[in-house]
Amino acid sequence: MGNSVFKALVVEKTPEKQFVREIRERSIDDLPAGDLVVRVHYSSLNYKDALSATGHPGVTRQFPHTPGIDAAGEVVSCESGAFAPGDKVVVTGHDLGMETDGGWGQYIRIPSEWAVRLPEGLTLREAMALGTAGFTAALSVLKLERAGVRPDDGDILVTGATGGVGSIAVSILSRAGYRVTAATGKEFDEDFLKGLGATAVIGRDDVTAGAEKALLAERWAGAVDVVGGQTLAAVLKSTKYGGTVTCCGLVGSPELPMNVYPFILRGVSLLGIDSVQCPRGLREEVWQRLATAWKPSRLGEMVTECTLAGLEVMTQAILHGGITGRVVVNLQES
Ligand code: NDP
């Protein structure tokens, strides 16, 4: 095992401060320290992976680097004894794929606390079809549920609905009995969104119309927002009395051009969602839900599969909001 060579996508920073990506052979000995070695069967592509692969300093500062914030595979060795060789595990969040070499390589070495056992009801491929995006969508819905948002309270809005987090949030909310309005910039994907369970599909502009006003007409009992910026501000301003909005993303903007009126006049709540440092107990609960009642019934149809070689095109596409559903990376075929 010590000298095993494997393939990984490596991002290099050139002297001209450009970021170039190529598939290289690496050795397990060169991986970061950790008590757990996993042979990765599948990884996935998230927006954050694309930022890491193109040198965004908010995600990765040390190069050369192998991105991949998600990995699912089989345990090769575990010095702490937390897992046995052959155990199937899922790794999302923590530092994987950020400064620690991630799932876009055929092996990872990590602290065993970062891994959870693959829950019964999911295959390794399905776990990566969900990945951090699915985990974040489920965590968002769990937080809405715990905040007391009920299916008969009214419509739940999901922004960025054709993306990874958005599409799985639409599916989970629908499975949990909520009426879901999907907001998208890809209105040609209406059939896809309705197939996931959206009861209505609206354009992005419909959400942000009148965003400059202090308050907007009350429309949403709750919302899952991945966009931030003007979109999140408009969503908060149009959330019904006592409603709850979750915030996990910034594809539109990291800014929040807001006033306090929705909070002090309508009792609206804004809940932050973090998948990276999510505590282990909650992490296992979320995966359990994803493997059972919240497992998207059409998960297979939401997935495009690629190899390491296919990631160049996919990375550019996700940066431009051009991916519908989820991208799974097959490391066994790479
Ligand atoms: P995707 O790229 O898969 O999806 C984002 C979607 O947002 C796009 O498909 C598009 O959907 C929409 N979109 C893209 N650009 C814009 C824009 N300029 N304005 C409005 N809408 C836009 O990303 P993910 O689903 O993987 O991630 C979504 C966000 O959530 C990212 O910011 C990511 O960093 C964040 N995230 C945060 C996590 C956390 O722990 N807090 C974990 C996971 C993700 P459409 O065309 O349908 O509108």
Side-chain angles (χ1 to χ4, degrees), residues 43-54 56 58-60 67-70 92-98 128-143 157-172 180-194 196 198 201-208 211 223-235 246-256 270-279 282-283 286 302-304 314-328:
S43 181
S44 85
L45 169 67
N46 296 273
Y47 187 75
K48 198 169 173 184
D49 295 314
L51 295 179
S52 172
T54 52
H56 194 294
V59 182
T60 305
I69 63 171
D70 292 337
T92 61
H94 300 280
D95 193 49
L96 188 72
M98 295 179 69
M128 289 295 95
L130 294 162
T132 290
F135 181 87
T136 305
L139 186 57
S140 304
V141 177
L142 193 70
K143 290 227 173 170
L157 177 71
V158 176
T159 62
T162 67
V165 177
S167 58
I168 299 172
V170 169
S171 173
I172 292 173
V180 191
T181 297
T184 179
K186 306 185 196 86
E187 286 169 69
F188 52 85
D189 271 336
E190 182 169 346
D191 288 347
F192 169 74
L193 291 167
K194 290 215 162 140
L196 297 183
V201 177
I202 61 174
R204 282 180 199 168
D205 297 347
D206 187 342
V207 175
T208 50
V224 172
D225 180 64
V226 310
V227 177
Q230 279 292 359
T231 301
L232 178 55
V235 171
T246 63
C247 158
C248 72
L250 41 56
V251 284
S253 165
E255 305 300 328
L256 182 54
L270 175 59
L271 299 181
I273 302 295
D274 170 52
S275 62
V276 175
Q277 297 186 66
C278 177
L282 184 56
R283 192 176 285 278
V286 169
M302 300 168 73
V303 173
T304 307
M314 294 295 185
T315 296
Q316 297 307 325
I318 202 167
L319 285 173
H320 297 98
I323 300 276
T324 294
R326 293 275 299 147
V327 177
V328 163

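Bear in mind the structure is a predicted one, so any value in this text is a computation, not a measurement. Note that the numbering runs from 1 along the sequence shown for the chain. As the structure lists them, so they are numbered: ligands from 1, and atoms in each ligand from 1.
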Non-neighbouring partners of T162 that pass side-chain contact (heavy atoms from CB on, under 4.5 Å), sequence neighbours left out: T184, K186, D189, L193, T324
Considering only heavy atoms from C-beta outward, does the side chain of N46 approach that of I318 to under 4.5 Å? no
Report yes or no: do T92 and R283 form a side-chain donor-acceptor pair below 3.5 Å? yes
Atom indices of ligand 1, in the order listed, that fall short of 4.0 Å to a heavy atom of I318: 2 (O), 3 (O)
For ligand 1, note which part of A161 has a heavy atom under 4.0 Å away: side chain, backbone, both or neither. backbone
Heavy-atom proximity to atom 5 (C) of ligand 1, picking from L45, T324, T208, V251, points to V251
Do any N or O atoms from the side chain of T60 and from the backbone of M98 form a donor-acceptor pair under 3.5 angstrom? yes
Specify the protein heavy atom at minimum distance from atom 28 (C) of ligand 1: its residue, its atom name, and the distance to 0.1 Å. V226 CB, 3.9 Å
If you count the atoms of ligand 1 from 1 in the order shown, which ones are under 4.0 Å from a heavy atom of T162? 9 (O), 11 (O), 45 (P), 46 (O), 47 (O)
Scanning both residues in full, the closest heavy-atom pair of C278 with F135 reads SG-CZ, 3.8 Å
Could you list the atoms of ligand 1 found under 4.0 angstrom from a heavy atom of G164? 1 (P), 3 (O), 4 (O), 25 (O)
Shortest protein heavy-atom distance from atom 25 (O) of ligand 1, along with the residue and atom involved: V165 N, 2.8 Å
Distance to 0.1 Å, residue and atom name: give those for the protein heavy atom nearest to atom 4 (O) of ligand 1. G163 CA, 3.2 Å
Which ligand 1 atoms are under 4.0 Å away from a heavy-atom of L250? 32 (O)
Keeping the roles fixed (side chain from H320, backbone from G322), state whether a donor-acceptor pair exists under 3.5 Å. no
Is a side-chain N or O of D206 found less than 3.5 angstrom from the main chain of G203, in a donor-acceptor match? no
Does some side-chain heavy atom of T304 sit less than 4.5 Å from a side-chain heavy atom of V328? no
Which heavy atom of the protein is the closest neighbour of atom 14 (C) of ligand 1, given with residue, atom name and distance? R204 NH2, 3.9 Å
Could you pull out every donor-acceptor pair under 3.5 Å between side chains of residues 225-234 and any protein atom, sequence neighbours left out?
residue, atom, partner, partner atom, Å
D225, OD1, T159, OG1, 2.6
D225, OD1, V227, N, 3.3
D225, OD2, V227, N, 3.2
D225, OD2, G228, N, 2.8

Of Y47, F135, F188, the residue with the heavy atom nearest atom 26 (O) of ligand 1 is Y47
Has R326 got a side-chain atom pairing as donor or acceptor with A129's backbone, closer than 3.5 angstrom? yes
The closest protein heavy-atom partner of atom 47 (O) of ligand 1 is T184 OG1, 2.6 Å
D70 (side chain) donor-acceptor with T132 (main chain) under 3.5 angstrom: yes
Protein residue, atom and distance nearest to atom 9 (O) of ligand 1, heavy-atom basis: K186 NZ, 3.2 Å
Closest heavy-atom approach to atom 41 (N) of ligand 1 among N46, T246, I69, I273 is made by I273
Can you sort out which atoms of ligand 1 are near D274, meaning under 4.0 Å from one of its heavy atoms? 40 (O)
Considering only heavy atoms of C248, which atoms of ligand 1 have at least one such atom less than 4.0 Å away? 30 (O), 35 (C), 36 (N), 37 (C), 38 (C), 39 (C), 41 (N)
Any side-chain to backbone donor/acceptor pair from D274 onto Q277? Under 3.5 Å, distance only. yes
Considering only protein heavy atoms, which is closest to atom 30 (O) of ligand 1, and at what distance to one decimal place? G249 CA, 3.5 Å
Tell me, which protein residue and heavy-atom name are nearest atom 42 (C) of ligand 1, and how many Å apart are they? T136 OG1, 3.0 Å
Atoms in ligand 1 flagged as close to G185, the criterion being non-hydrogen separation under 4.0 Å: 45 (P), 46 (O), 47 (O), 48 (O)
Can you list the ligand 1 atoms lying under 4.0 Å from a non-hydrogen atom of T132? 42 (C), 43 (C)
